[in-house]
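Presented below is the structure to which this report refers.
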Amino acid sequence: MADYRLGIDFGGTKIEIAVLDRAGDLQLRERVPNPGIYEEAVIAVRDLVASVDQRLGSVASNLAKPGQLSSTLGIGIPGSISPETGLIKNANATWLNNQPFGIDLDRALNRSVRVENDANCFALSEAADGAGAGNRTVFGIIIGTGMGAGIVVDGKVIGGRHSIAGEWGHTPLPWTRLEEFPLPKCFCGNEGCLERYLCGPELAKDWKGVGHHNTAG
Ligand SMILES: [Zn+2]
């Protein structure tokens, strides 16, 4: 087991790294803005990992020599990796789509990197020692820039055949009323996706706007 476990939350607007030691205690945490351009984002991750390894005095566990402190790296991304092509798909940070992010990170960092959908990472974490601890089946939902979810059964992420199991954000909102048309367009190509209502920016807009809420009382 590595001395440190580096975990990165690769979000649409920021990239945050957290480091756990062998005991699972948080050692450090750092956040940088996400440049929002693919090549620059790969470099931002590389630099963030390099600075953390330097501060800890650790090296990638696949490069560590005996006696050296080692670290492993996992990264959660908004999107999933296509099992057929290895390319990113379904990312709401759409500039990530169709990019070989995992391969490019391996290369840029000269280490093996585990890449997984961020909602799956979240669901697994909650299933392990969070709100879902002790339950065989856990469905975890994240609402942020977009909306994602993951399913964990018996401590394992269920990815499904297309690695999108649990992703309910691009299902249409049910029971649409006539006055709700036209429905909001989504980056995925559909209209009226759940994610177009249930995500941070849309909830904020709804709260600020006129809306259909009953304000009486
Ligand atoms: Zn959609």
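Every number for a ligand or one of its atoms is a count from 1 in the order of the listing. Heavy atoms only: backbone and side chains are in, while hydrogens, waters and symmetry mates are out.
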Strictly under 2.8 Å, how many protein N, O or S atoms lie near the Zn ion (ligand 1)? Waters don't count.
4

After noting the C-alpha distance and the side-chain angles of I164 and K89, does the key distance pass the side chain to side chain contact (heavy atoms under 4.5 Å, CB included) rule?
CA-CA 9 Å; I164 52 164; K89 59 175 188 174; 4.2 Å; yes

D21 (side chain) donor-acceptor with D3 (main chain) under 3.5 angstrom:
no

Would E30 and R55 count as a salt bridge (Lys or Arg N to Asp or Glu O under 4.0 Å) here? Give the steps.
CA-CA 12 Å; E30 206 174 309; R55 275 158 68 187; 2.3 Å; yes

Once side chain to side chain donor-acceptor pair (under 3.5 Å) is applied, what residue pairs with a partner in residues 188-198 remain, sequence neighbours excluded?
K185-E191, R196-E202

What pairs with E16 under side-chain hydrogen bond (donor to acceptor under 3.5 Å, both in side chains), at least two apart in sequence or on another chain?
R29, R31

Residue list, ring pair (Phe, Tyr, Trp, His ring centres under 6.0 Å) with Y38, at least two apart or on another chain:
F101

